[in-house]
Asks: 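The structure that follows is given in the form of structure tokens.
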There are 2 protein chains.
Amino acid sequence: MQGSAQTISPLRIVPRSGLCDACQVRGVAACSALDNNELQRLASIVTEKKYDAGATIFEQGDEPAYIFNLTSGHVRLAKTLANGRRQIIGFVYPGGMLGLATHGAYVCSAEAIGPVKLCRFPRDRLLALLDELPPLKTRLLDIAADELGDAQEQMLLLGRKTPLERVASFLWRQYQEAIRCGQTKPSIDLPMGRTDIADYLGTTIETVSRTFTRLRNDGLIRLEHANKVIILDAQGLEEIAEGL
Amino acid sequence: MQGSAQTISPLRIVPRSGLCDACQVRGVAACSALDNNELQRLASIVTEKKYDAGATIFEQGDEPAYIFNLTSGHVRLAKTLANGRRQIIGFVYPGGMLGLATHGAYVCSAEAIGPVKLCRFPRDRLLALLDELPPLKTRLLDIAADELGDAQEQMLLLGRKTPLERVASFLWRQYQEAIRCGQTKPSIDLPMGRTDIADYLGTTIETVSRTFTRLRNDGLIRLEHANKVIILDAQGLEEIAEGL
DNA sequence: ACCGGGCATTGATTTGAATCAAGCGCGCGT
DNA sequence: ACGCGCGCTTGATTCAAATCAATGCCCGGT
């Protein structure tokens, strides 16, 4: 499977690019912008890394030595205030990038929610490579612009939505993401716990829990168990999410 | 002044690039990445636009036909919820970009706070030009990564800071920005009103007002008038902002 | 199968910011 | 110079979500 040549490349040096051939997320990831030849250049600077559940991939304030591409598992990005209050900036799904946003240092920490695999690129080498791989630079610009749009949507949520609207928005987005990934049933598997959800939505674990219960009682969702949500009324959920 | 040749360009076609020669924000703006030759290519697709105070430059949801560079005045970026609740996503200062973040449409509206001048680039032509001007693409990627970092900082503010910390953070950032722009006195001129500040900080006009009063009573600031703040205790302000 | 611990839910109480409601002051136009 | 109006400040009250406090449930280990 690794050696199977769907690609017809003349010299099969392939430093470790067998990885990319077998990559599960190649279609979604940043690499999707590249042809096989270009991909090999990228592959020449990549290292595959694994982390256990709960492990820290990098810390807010660290020198941003690497940029990552998540190939399997889920990651949370978090910022922490002096007194311990925590805000989750976002969740990363397979195919997503880590470490793009910086101000000279990582602006947030990245933690593995479950066991995680990712492709690690030395930042300086990746940035140097960008000048030789214009499609990749374009792709990264697109990704950054998209993430910026997502971030702005989250600001609206945090600044102006009620807890009910926040949870509904969260579920709605998870649902859309699941659909995008080929899910056909109206259900969501939540890889993260209530604490993470609360810290993402700028509220408390108790409020999140009560809100789930309320959505259940109102017939919008069913809770198969705490981490498996069945969407019963997608439109109703969206309307709540949009503040209608 | 317009025709003054500091640059030695062979053919002086210069569609309207006299503009760039005289540009006040050339050092800070995205164009700073370009040499004079490259700048002319940019200048060939630019149109200068002016807007009155309160004017809408573009609307959330519009087709993102243009990307802008603010040359003078201040802009607010806002998103609005069905029932009228508004969240200000950010304020743009001279030299800043508008319209970078998109998801196929402008993700927020841009409104002139006071009278405003900006350079307008047709999006498709600018993006096409990026492939010929790699330094500009790099610069835009840098700008996007920076804005992403700012957005994440704002999420922390909206999700986890108290109103006091929010206002202190806001003033602190304004102060840093003023210093960056060459300001030497410890004072800030606020181009926006209390309503804009409240909508930016995810709180109400009354709370903002009370918090200004409290910071004044606690000796951290002095209010020369509503829009002119003197910083009396910069360190104290920063400590509050950081939640210490 | 039983026990223990961590996570989620549910309930009671408190609290701080939103809302409601006046005043105040400054700038503008006449 | 005067009065008008808008935007800011200040005060009183309400209310929703945070906090405090049990209780329940599921999973993993023995």
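None of these values were measured; they are calculated from a predicted model. Reminder, nothing fancy here: chain letters follow the sequence lines and each chain counts from 1.
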Asks: Does OP1 or OP2 of C:dG16 have a side-chain N or O of B:Thr162 closer than 4.0 Å?
Replies: no
Asks: Using a cut-off of strictly less than 4.0 Å, decide whether B:Thr204 has a side-chain nitrogen or oxygen near OP1 or OP2 of C:dA18.
Replies: yes
Asks: On DNA chain C, compare the nucleotides closest to A:Thr207 and A:Arg160; which residue's is nearer the 5' end?
Replies: A:Thr207
Asks: Can you tell me how far P of D:dT9 sits from CG of B:Leu215, to the nearest Å?
Replies: 12 Å
Asks: Check whether any side-chain N or O of A:Thr195 sits under 4.0 Å from OP1 or OP2 of C:dC7, and answer yes or no.
Replies: no
Asks: To the nearest Å, give me how far apart CG (A:Asp196) and P (C:dC7) are.
Replies: 10 Å
Asks: How many whole angstroms separate atom CG of A:Asn227 from atom C1' of C:dC7?
Replies: 10 Å
Asks: Within the structure shown, what part of the strands sits under 4.0 Å from A:Ser209 by heavy-atom distance: base, sugar-phosphate, or nothing?
Replies: base
Asks: Can B:Arg76 be said to sit on top of B:Phe91's aromatic six-ring, NZ or CZ under 6.0 Å from centre and within 45° of the ring axis?
Replies: no
Asks: CD of B:Glu206 versus C1' of C:dC24: gap in Å, rounded?
Replies: 15 Å
Asks: Quick one: the side chain of A:Arg210 and the base of C:dG11, do they pair up donor-acceptor inside 3.5 Å?
Replies: yes
Asks: Whole-Å distance between D:dT10 C1' and B:Arg194 CZ?
Replies: 14 Å
Asks: What is the distance, rounded to the nearest whole Å, between atom CZ of B:Arg166 and atom C1' of C:dA17?
Replies: 10 Å
Asks: Hey, are A:Arg85 and A:Asp199 close enough for a salt bridge, meaning a charged N less than 4.0 Å from a carboxylate O?
Replies: no
Asks: Would you indicate what B:Arg216 reaches in the nucleic acid, counting non-hydrogen atoms under 4.0 angstrom: base, sugar-phosphate, or nothing?
Replies: sugar-phosphate
Asks: Measure the acute angle between the ring planes of A:Phe68 and A:Phe58, then classify it against the limits of 30° and 60° as parallel, tilted or perpendicular.
Replies: parallel
Asks: For the pair made of CG in B:Leu223 and P in C:dG25, what is the distance, rounded to whole Å?
Replies: 15 Å
Asks: State whether the distance check finds a donor on one side and an acceptor on the other, under 3.5 Å, for side chain B:Arg214 versus base D:dT10.
Replies: no
Asks: Can you find a pair of side-chain heavy atoms, one from B:Lys161 and one from A:Leu81, that are under 4.5 Å apart?
Replies: yes
Asks: What nucleotide among D:dT10, C:dT9, D:dC8 has an atom nearest to a side-chain atom of A:Ile205?
Replies: C:dT9
